[in-house]
Amino acid sequence: MRHLLSVADLGAAGIAELLEVSDSFVEVSERAIPKVPALRGKTVVSLFYEDSTRTRLSFETAARRLSADVMNFSVSGSSVAKGESLRDTVQTIDAMGVDAVVVRHSSAGVPWQVANWVGCSVVNAGDGWHEHPTQALLDCYTVRRARGSLEGLRVAIVGDVKHSRVARSNVLAFSTMGAEVTLVAPPTLLPPSLEGWPVVAVSHDIDDVLPKADVVYLLRLQAERQSEALLPSLREYTACYGLTRRRADLLADGALVMHPGPMNRGVEIAAEVADLPLSVITRQVANGVAVRMAVLFLLLGSAPAA
Ligand code: NCD
């Protein structure tokens with residue numbers, strides 16, 4: 001595999017392999033000195049055209065733990081501010097002899113474009129509303145670690161599905177690994193068509209879905225992507241779809257509460273629910289580093305030295 005652009009690049013066997021490799025990097029991350037020489041001499045660039053806290057830091061930490069050199073490109077302060085095009089920017093970076101670029105952009109499809117323009121590996125760190133494959137992989141890893149396997153698990157993905165690249169990648173990854181995915185959202189926050197989405201059901205009634213769920217995966221309400229008024233008010237959204245303290249009591253023993261971050265505490269998830277023992281939100285972040293180590297290792301580790 002040269003690039004990781006979509007969850008679909010991997011398939012069930014590819015995801016399973018990646019999760020296994022991640023196990024060994026969790027072990028590395030727990031060592032006193034969490035570093036291995038696997039990617040010594042390789043250079044990884046993070047190219048983020050959109051805001052990020054955890055994804056960018058997670059990739060950079062992952063690359064450093066593999067002993068790769070890390071370059072961090074931020075759009076403000078670069079020649080993008082002088083009007084340099086995306087193509088010229090990535091070809092300039094590629095010409096410096098880097099081994100991988102990790103790309104986040106507000107437009108769907110940009111990582112595919114970049115992959116056509118450069119000789120190095122490309123990892124999609126989120127493109128518009130489209131995909132966020134490493135988020136889906138770290139979420140599969142987190143569920144697998146907590147529950148043994150995803151096979152037959154009932155996963156409810158709740159909230160702003162329409163604007164969510166996390167939802168698109170996670171539906172694909174969870175269903176590929178044998179989970180049954182139900183979407184829970186108001187009609188205005190669903191995409192116009194769900195044709196081709198591998199989900200078993202769509203519900204507008206979270207109270208009906210929660211008692212049967214093994215995993216409840218909350219999405220951030222993406223106010224910055226909503227060009228029109230899709231909701232009467234945030235308070236109404238929380239009343240109908242938020243994981244309140246009362247609703248958390250509907251969950252079965254052993255159920256998991258997940259969120260990709262950043263959370264709007266008090267909107268899609270009550271502040272106290274995010275901190276309950278059934279919430280694995282910080283485990284998602286911790287596992288994210290190991291899973292991204294596995295991604296970089298599988299892309300760059302076995303390639304012959306250029
Ligand atoms: C998400 C993103 O940016 O796609 N965050 C993340 O990467 N963990 C989700 C979001 O912004 O809601």
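Just so you know, ligand 1 is whichever comes first in the structure, and atom 1 is the first atom listed for that ligand.
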Subject >> Under-4.0 Å heavy-atom contact with ligand 1, by part of Glu50 that carries it >> reply: neither
Original post:
Near Arg104, which atoms of ligand 1 are under 4.0 Å from a heavy atom of that residue?
Top reply: 2 (C), 3 (O), 7 (O)
Original post:
Judging by distance only, is a nitrogen or oxygen of Val166 under 3.5 angstrom from one on ligand 1?
Top reply: no
Subject >> Per atom 7 (O) of ligand 1, closest listed option by heavy atom (Glu268, His132, Gln135) >> reply: His132
Subject >> Minimum-distance pair of heavy atoms, taken over all atoms of Gly159 and Tyr237 >> reply: CA-OH, 3.0 Å
Original post:
Of all the atoms in ligand 1, which lie at a distance below 4.0 Å from a heavy atom belonging to Arg165?
Top reply: 2 (C), 3 (O), 4 (O)
Original post:
Can you tell me which residue and heavy atom of the protein come closest to atom 11 (O) of ligand 1, and the distance to 0.1 Å?
Top reply: Arg220 NH2, 2.9 Å
**OP:** Could you tell me whether the side chains of Gln284 and Asp139 share a donor-acceptor contact shorter than 3.5 Å?
**Re:** yes
**OP:** Distance to 0.1 Å, residue and atom name: give those for the protein heavy atom nearest to atom 8 (N) of ligand 1.
**Re:** Pro260 O, 2.8 Å
**OP:** Return yes or no for this condition: an N or O of Gly261 is under 3.5 Å from an N or O of ligand 1.
**Re:** yes
Original post:
Any side-chain donor-acceptor pair under 3.5 Å between Glu50 and Ser106?
Top reply: no
Original post:
Does Arg292 make a cation-pi contact with Phe59 (under 6.0 Å, within 45 degrees of the axis)?
Top reply: yes
**OP:** Supply the atom-to-atom distance Met258 CE to Ser279 OG, rounded to the nearest 0.5 angstrom.
**Re:** 9.5 Å
Original post:
If you look at every heavy atom in Val75 and Phe48, which pair is closest and at what distance?
Top reply: CG2-O, 3.4 Å
